[in-house]
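Presented below is the structure to which this report refers.
Just the heavy atoms: all of them, side chains too, but no hydrogens, waters or symmetry mates, feed the values below. Heads up: numbering here begins at 1 and tracks the sequence. Keep in mind it's a predicted model, so treat the numbers as computed, not measured.
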Amino acid sequence: IRDKLVTGVQTCALPICASNRIVATNIGGEDFALDCNFQPTGEALFYPKQHMIIAANAAGVIPLGFVDSIAGFGDWEAFRKMVRRSRDFGFMGAGCIHPGQVTIVNEEYTPAKAEVEYAYTLIKLDQEAAASGRGSFTLDGKMVDIPIIVRARKLIARHEKIKAREARTLAFMEHKA
C-alpha cells in the first residue's frame, strides 16, 4: 500500500515537474469544485487541496492557496482565521482577489516574531544536546528531535527570504520615489 501511495503522489507531481521553470502551484477551488460538481467548501476541497500540497512538496515547488474558497472575504476576521489555518495546513502563500486580503495574507504567511525566536531557541538547544551526545531533548513538555529541528530551520530560512524580499521591494519603492 505504501508503494501505491508514493506512486500516486509521484503521478500527481509529474505535471508539476514538467519544467524546471515551475516554482509554485495552486488549485483553483471554485473551478475544481465546478468541474467535480460539488460546492467549494473547505470540507469538499480538503482532499484535492491536501493532495496538491503533498504533490507540490514531492516536486519541490511552493504550494499556494487556501483551505477554503478564496471567494469568502466579507468577514475579515474569519478570512484571517482561514488564512492562518491554510498556513498550518501546508500552504506557503496565496494570491488575492481583493485589496483587503493582501495585508492579511502577508501577515499570516509570514512567520511571527515569536515563532522565529522559538525556532532559534530550538536550534540553540539542539546544538547543546548534540554537543552532549543526545539526538533529542525536551522543551515545554514536548520531545524535540530531527523533524522539529528541520522544521525550525525551514521556518528561519523562510523568514529570512521574506525579509530580504521586503527589503528589496522597499529599496525599489524608495528608488522610484
If you round to the nearest 0.5 Å, how far is [atom2] of [Y] from [atom1] of [X]?
X: Glu128; Y: Leu125; atom1: CD; atom2: CG; answer: 5.5 Å
X: Ile123; Y: Ile148; atom1: CD1; atom2: CD1; answer: 11.0 Å
X: Phe66; Y: Arg84; atom1: CZ; atom2: CZ; answer: 13.5 Å

Exercise. Measure the shortest side-chain to side-chain distance between Phe137 and Leu122 over non-hydrogen atoms and say whether it is less than 4.5 angstrom.
Key: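 Yes, side chains in contact.
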
Quiz item: Is it true that Lys163 and Glu166 make a salt bridge, defined as a side-chain N closer than 4.0 Å to a carboxylate O?
Solution: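 A salt bridge is present here (some side-chain N lies under 4.0 Å from a carboxylate O).
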
Practice problem: Evaluate the side-chain contact (heavy atoms from CB on, under 4.5 Å) criterion for residues Gln101 and Trp76: first the C-alpha distance (whole Å), next the side-chain angles of each, then the deciding distance (0.1 Å), finally the verdict. | Solution: CA-CA 8 Å; Gln101 296 174 321; Trp76 295 116; 3.6 Å; yes

Quiz item: Any link between Tyr109 and Met52 through a network of hydrophobic side chains (Ile, Leu, Val, Met, Phe, Trp, Tyr) touching at under 4.5 Å?
Solution: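 Yes, same cluster.
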
Practice problem: Please check if the side chain of Arg153 supplies one atom and the backbone of Ala119 the other of a donor-acceptor pair under 3.5 Å. | Solution: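 Here the side-chain-to-backbone pair does not exist.
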
Self-check item: Ser86 (side chain) donor-acceptor with Val67 (main chain) under 3.5 angstrom
Solution: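 Present.
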
Quiz item: Should Val144 and Thr138 be marked as a side-chain contact (heavy atoms from CB on, under 4.5 Å) after you check the CA-CA gap, both sets of side-chain angles, and the distance that decides it?
Solution: CA-CA 6 Å; Val144 178; Thr138 302; over 6 Å; no

Practice problem: Indicate the ring-plane relationship of Phe91 and Phe89, choosing parallel, tilted or perpendicular according to the 30° and 60° boundaries. | Solution: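 The rings of Phe91 and Phe89 lie parallel, inter-plane angle below 30°.
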
Quiz item: Where do Thr110 and Glu115 come nearest, in terms of heavy atoms and distance?
Solution: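 Of all heavy-atom pairs spanning Thr110 and Glu115, the closest is O-OE1, 4.5 Å.
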
